[in-house]
Structure formats: structure tokens, C-alpha cells
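Position 1 is the first residue of the sequence; numbering continues from there. Excluded from the calculations below are hydrogen atoms, water molecules and symmetry mates; all remaining heavy atoms, backbone and side chain alike, are included.
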Amino acid sequence: MVLIYPVQADAADSDDDAEPAFAELAADLSDQWLVEVDVGEDGDDGCFGPLTARAAWDLAVAVDARRPEWMVSVVPLYLPGTADEVVELFDDE
């Protein structure tokens, strides 16, 4: 199973079977989400959304249950910003 989803860096360790806190993800990261699916070496992949955090999670879990060998990622969809705003997200300074 390769299911990737965001968690807050300072969040306490949780049970592997626990679902993310959808309200917190929407408030802290984004209210719109994408599900990215990478099916393997052939370069076949797809991106589905925008979805709510809960809908993206449900879709990702369902796809992962059917095809556990695929890499399925749940990622926040940000509104486009300026180059400076994007750099600030990753800048440590």
C-alpha cells in the first residue's frame, strides 16, 4: 500500500488506521484537494479534483484498496500566487 497524505509536522503520532482530521487539514492547508494516482513504470498517472479533504481521502482509500501497488497521493490544491509567495512557503530564512 502506497497511500500518501499530509500531516502536520508537530502532530502527535497517531494510530496507522486513524483518519486525518479533515477540518484541520482544510483550515490549515486548503479547502480543496487533489488525488494523484501513479500506476507504474509506463508513466501513466492522473490527477483528480478539486475535492473536499474528506472526498479526496475517500477516493484515495478506495483506489488504494483496489490497486495497492499504485502510488496514491492526497495533496492540497492551493490557489495560484506570486513566485515570491511560493518561495516563502519553502524558504527557511
* **Partner residues of Leu51 under the side chain to side chain contact (heavy atoms under 4.5 Å, CB included) criterion, sequence neighbours left out** => Val35, Ala55, Ala56, Leu59
* Structure fact -> Contacts of Val39 meeting side chain to side chain contact (heavy atoms under 4.5 Å, CB included) (sequence neighbours excluded), chain-then-number -> Val37, Asp44, Trp70
* Using atom types as modelled and distance alone, determine if a side-chain donor or acceptor of Ser30 lies under 3.5 Å from a backbone N or O of Trp33. => no
* Structure fact -> Heavy atoms of Gly49 and Leu34 approach each other most closely as CA-CD2, 3.7 Å
* With the side chain counted from C-beta on, respond yes when Glu36 and Val75 share a heavy-atom pair under 4.5 Å apart, and no when they do not. => yes
* **Glu88 CD to Thr82 OG1 distance, which is reported to the nearest 0.5 Å** => 7.0 Å
* Structure fact -> In this structure, SG of Cys47 is separated from CG of Asp38 (nearest 0.5 Å) by 11.5 Å
